[in-house]
Amino acid sequence: MGFLTGAFLKSYSAVQRIRLQNQLTSVTLRMQRVNRRSNDVQKQISQMKNAQTMNLKSMQSVWNQGAYAAYQSSMSAINGDTTLSDQQKMAEMQKAQSVFTMAQQQNALQASQQQALIENSIQEFEEAQLEPLKNEEEALTLEKNAIESQIKLIEGQEQASAQMEKSSQKDFVPEYTGGGG
């Protein structure tokens, strides 16, 4: 009886192990797809950050060029005004310099605010895109670990049933002792 039980359990265990290995392969493939999607999203986010930063730097440059053009125009107007005394010209130049400096500071502040908005929106996008993928990856990792532990149990059961089958084989070996009746 042990031989048949061992043979049946060994066969059953082998079928279960193969089924679990197929499940493990499926989970592993799903994990790879999730990792690829996660990497694609991270690349997309990196590209978005680079594009936004370059766009912002370009805008800040345009703002500063506008401020500088206004400063140059003011300086030309001051230097071309013959009704002003040297003292008045100096005061107007300092005033124009002050306006130019304030414009640069305003441009820097505006760029900083824009940068903060960009970073915030990118972070929100990143969380919205990556959080579900991270959750899926964690769930798949748990599933993979559970399947791997089931496979180890089944392999142990398979070995035990093979031992049971092997040890019971001697019951089926006929005795050839030569003594007969």
Side-chain angles (χ1 to χ4, degrees), residues 1-67 102-174:
M1 189 67 163
F3 176 77
L4 292 176
T5 304
F8 173 76
L9 283 175
K10 187 173 90 172
S11 175
Y12 177 77
S13 298
V15 169
Q16 291 292 50
R17 180 179 42 80
I18 290 169
R19 181 185 61 78
L20 288 170
Q21 287 173 334
N22 287 338
Q23 284 180 351
L24 183 62
T25 300
S26 174
V27 168
T28 302
L29 290 173
R30 287 179 9 224
M31 286 178 79
Q32 289 173 352
R33 281 193 296 270
V34 168
N35 285 335
R36 265 195 307 272
R37 285 196 322 247
S38 179
N39 289 339
D40 289 345
V41 168
Q42 288 173 344
K43 285 178 189 174
Q44 182 183 8
I45 289 169
S46 178
Q47 290 171 347
M48 284 172 53
K49 283 180 184 177
N50 290 340
Q52 297 278 352
T53 300
M54 297 218 3
N55 190 26
L56 183 59
K57 285 182 181 180
S58 175
M59 285 175 29
Q60 187 176 6
S61 176
V62 168
W63 296 335
N64 286 334
Q65 287 174 358
M102 286 175 50
Q104 285 181 315
Q105 290 171 349
Q106 181 65 30
N107 290 343
L109 177 63
Q110 190 172 356
S112 175
Q113 290 170 341
Q114 288 291 323
Q115 184 67 35
L117 288 172
I118 288 168
E119 288 173 6
N120 193 25
S121 67
I122 288 175
Q123 184 178 4
E124 287 175 6
F125 177 79
E126 185 174 13
E127 288 172 4
Q129 296 296 315
L130 290 179
E131 195 65 33
L133 294 174
K134 287 178 184 176
N135 292 340
E136 187 176 353
E137 186 176 4
E138 288 173 7
L140 288 170
T141 299
L142 290 175
E143 186 176 348
K144 180 182 176 201
N145 292 341
I147 291 171
E148 286 173 341
S149 67
Q150 287 177 351
I151 287 174
K152 287 180 184 175
L153 290 173
I154 291 291
E155 287 172 345
Q157 182 179 339
E158 206 172 356
Q159 290 173 356
S161 47
Q163 278 299 115
M164 183 189 296
E165 179 185 26
K166 190 175 183 180
S167 66
S168 298
Q169 275 182 343
K170 63 182 173 204
D171 295 340
F172 291 106
V173 176

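Starting from 1, each residue takes its place in the sequence as its number. Worth knowing before you read on, the calculation uses all heavy atoms, side chains too, and leaves out hydrogens, waters and symmetry mates.
- With contacts defined as side-chain heavy-atom distances shorter than 4.5 Å, the pair Q16/I151 does not qualify.
- In this structure, the separation between CD1 on I45 and CD on E126 is 4.0 Å, given to the nearest 0.5 Å.
- Rounded to the nearest 0.5 Å, atoms CG (L24) and CG (N22) are 9.5 Å apart.
- Heavy atoms of other residues, nucleotides or ligands lying less than 6.0 angstrom from CE of M102 number 12 at most.
- At a threshold of 4.5 Å between non-hydrogen side-chain atoms, the residues L133 and Q129 do not count as touching.
- When side chains are defined from C-beta on, Q42 counts as touching N39, because their heavy atoms get closer than 4.5 Å.
- In this structure, N50 and S46 have side chains that are in contact, with non-hydrogen atoms separated by less than 4.5 Å.
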Show the numbers, then the answer: is there a side-chain contact (heavy atoms from CB on, under 4.5 Å) between D40 and Q44? CA-CA 6 Å; D40 289 345; Q44 182 183 8; over 6 Å; no
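- Crowding of Y12 atom OH: a count of heavy atoms from other residues, nucleotides or ligands under 6.0 Å not exceeding 12.
- Under the 4.5 Å side-chain criterion, counting only non-hydrogen atoms from C-beta, W63 is not in contact with Q104.
- Across every non-hydrogen atom of R30 and R33, the tightest pair is CG-NH2, 3.0 Å.
- With hydrogens and angles disregarded, no donor-acceptor distance shorter than 3.5 Å links the side chain of N107 to the backbone of Q60.
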Walk me through whether E158 and R17 qualify under salt bridge (Lys or Arg N to Asp or Glu O under 4.0 Å). CA-CA 9 Å; E158 206 172 356; R17 180 179 42 80; 2.7 Å; yes
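- For the atom pair CD (E143) and OG1 (T28), the distance works out to 9.5 Å, reported to the nearest 0.5 Å.
- A salt bridge links E136 with R37; the closest basic N to acidic carboxylate O contact falls under 4.0 Å.
- For S112 (side chain) and A108 (main-chain N/O), no donor-acceptor pair under 3.5 Å exists by modelled atom type.
- At least one donor-acceptor pair closer than 3.5 Å links the side chain of T141 to the backbone N or O of E137.
- Under the 3.5 Å distance criterion, the side-chain polar atoms of S38 are left unmatched by any main-chain donor or acceptor of V34.
- The structure places CE of M48 at 11.0 Å from OG1 of T53, a figure rounded to the nearest 0.5 Å.
- Neither side chain, Q123 nor E119, offers a donor N or O lying under 3.5 Å from an acceptor on the other.
- Using a 4.5 Å heavy-atom threshold, the side chains of M59 and N55 count as touching.
- Between atom CD of residue Q150 and atom CD of residue Q23 there is a gap of 7.0 Å, rounded to the nearest 0.5 Å.
- Note that NZ of K49 is 12.0 Å distant from CD1 of I118, once rounded to the nearest 0.5 Å.
- Side-chain contact between I154 and Q157: present, with at least one pair of heavy atoms (C-beta onward) separated by less than 4.5 Å.
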